[in-house]
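One structure below.
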Amino acid sequence: MQVAVVTFDGFNELDSFIAAALINRCRKDGLEAFITTPTPVVTSMNGVEVTGQRPMEFVTEAEVVLIGSGVKARDVVADEQLISRLRLDPSRQLIGSQCSGALVLARLGLLNGMPVSTDMKTRPFVEACDVTVLDAPFHSEGNIATAGGCLASQYLATWVITRTLGENAARAVLDYVAPVGENRETVDRALRAVRTGEAALH
């Protein structure tokens with residue numbers, strides 16, 4: 001199973017790298033994430049240059065697509081040519097967004113009335129798209145999930161691992177990366193966030 005972590009110019013390193021790194025701890029179980037970029041090289045909001053592992057067209061074949069966040073998100077959604085390369089299908093793919101990635105999901109018409117989690121700076125722009133923003137770090141409905149706040153990227157990764165490999169796989173990954181002495185709290189918090197986000201409207 002392949003995961004496309006869509007990473008645009010001006011990206012937030014925490015959003016793309018945390019999700020990709022956690023998911024890639026499941027490589028041996030057949031789940032692998034790739035930094036997926038619209039150009040061969042993208043530069044982060046802090047000037048870090050990264051070479052993409054897959055081109056944007058990879059999103060059509062990936063089983064999971066995560067839309068990363070960044071300081072140029074509004075430029076992304078205004079770019080017709082770039083948006084047209086994001087051909088996603090929630091009937092067969094798991095699709096998630098991190099922070100301002102929610103703007104991309106709205107622009108693609110994938111939300112269909114679903115409320116979202118996003119960051120505080122992006123919130124007014126998402127609301128301007130007539131989308132309800134929740135005061136929660138994570139929310140999912142069916143095959144679509146949104147996360148808000150940079151460190152909520154761990155919740156997005158937890159959702160992906162749980163949905164593809166099961167809760168035990170997610171527990172193992174979270175336990176490994178947790179701060180020493182905070183293993184149980186870290187695992188429980190992430191799984192609780194995902195469960196709460198899934199059950200919010202049910």
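Below, each value reflects all heavy atoms present in this structure, side chains not excepted, and no hydrogens, waters or symmetry copies.
- For the residue pair D89/S91, the side-chain donor-acceptor check at 3.5 Å is satisfied.
- Annotation: D130, atom CG; neighbour count of heavy atoms from other residues, nucleotides and ligands within 6.0 Å does not exceed 12.
- Contact detail for T60 and E57: the closest heavy-atom pair is OG1-O, 2.9 Å.
- The OG atom of S117 sits 5.0 Å away from the CG atom of L134 when rounded to the nearest 0.5 Å.
- A salt bridge links E167 with R195: the closest approach of a Lys/Arg side-chain nitrogen to an acidic carboxylate oxygen falls below 4.0 angstrom.
- For R184 and D188, the salt-bridge test passes: some basic side-chain N is under 4.0 Å from an acidic carboxylate O.
- Taking a cutoff of 4.0 Å between a charged side-chain nitrogen and a carboxylate oxygen, E61 and R87 do not qualify as a salt bridge.
- Between the side chains of N143 and R92, no donor N or O sits under 3.5 Å from an acceptor N or O.
- Pairs of residues two or more places apart, or lying in two chains, never qualify as ring pair (Phe, Tyr, Trp, His ring centres under 6.0 Å) while including a residue from residues 80-120.
- Applying the ring pair (Phe, Tyr, Trp, His ring centres under 6.0 Å) definition to pairs two or more places apart or across chains, those involving residues 54-87 are F34-F58.
- With T146 as the fixed residue, the side-chain contact (heavy atoms from CB on, under 4.5 Å) test singles out one of V126, V116, V131: V116.
- Ring planes of F17 and F11: perpendicular class, angle over 60° (limits at 30 and 60°).
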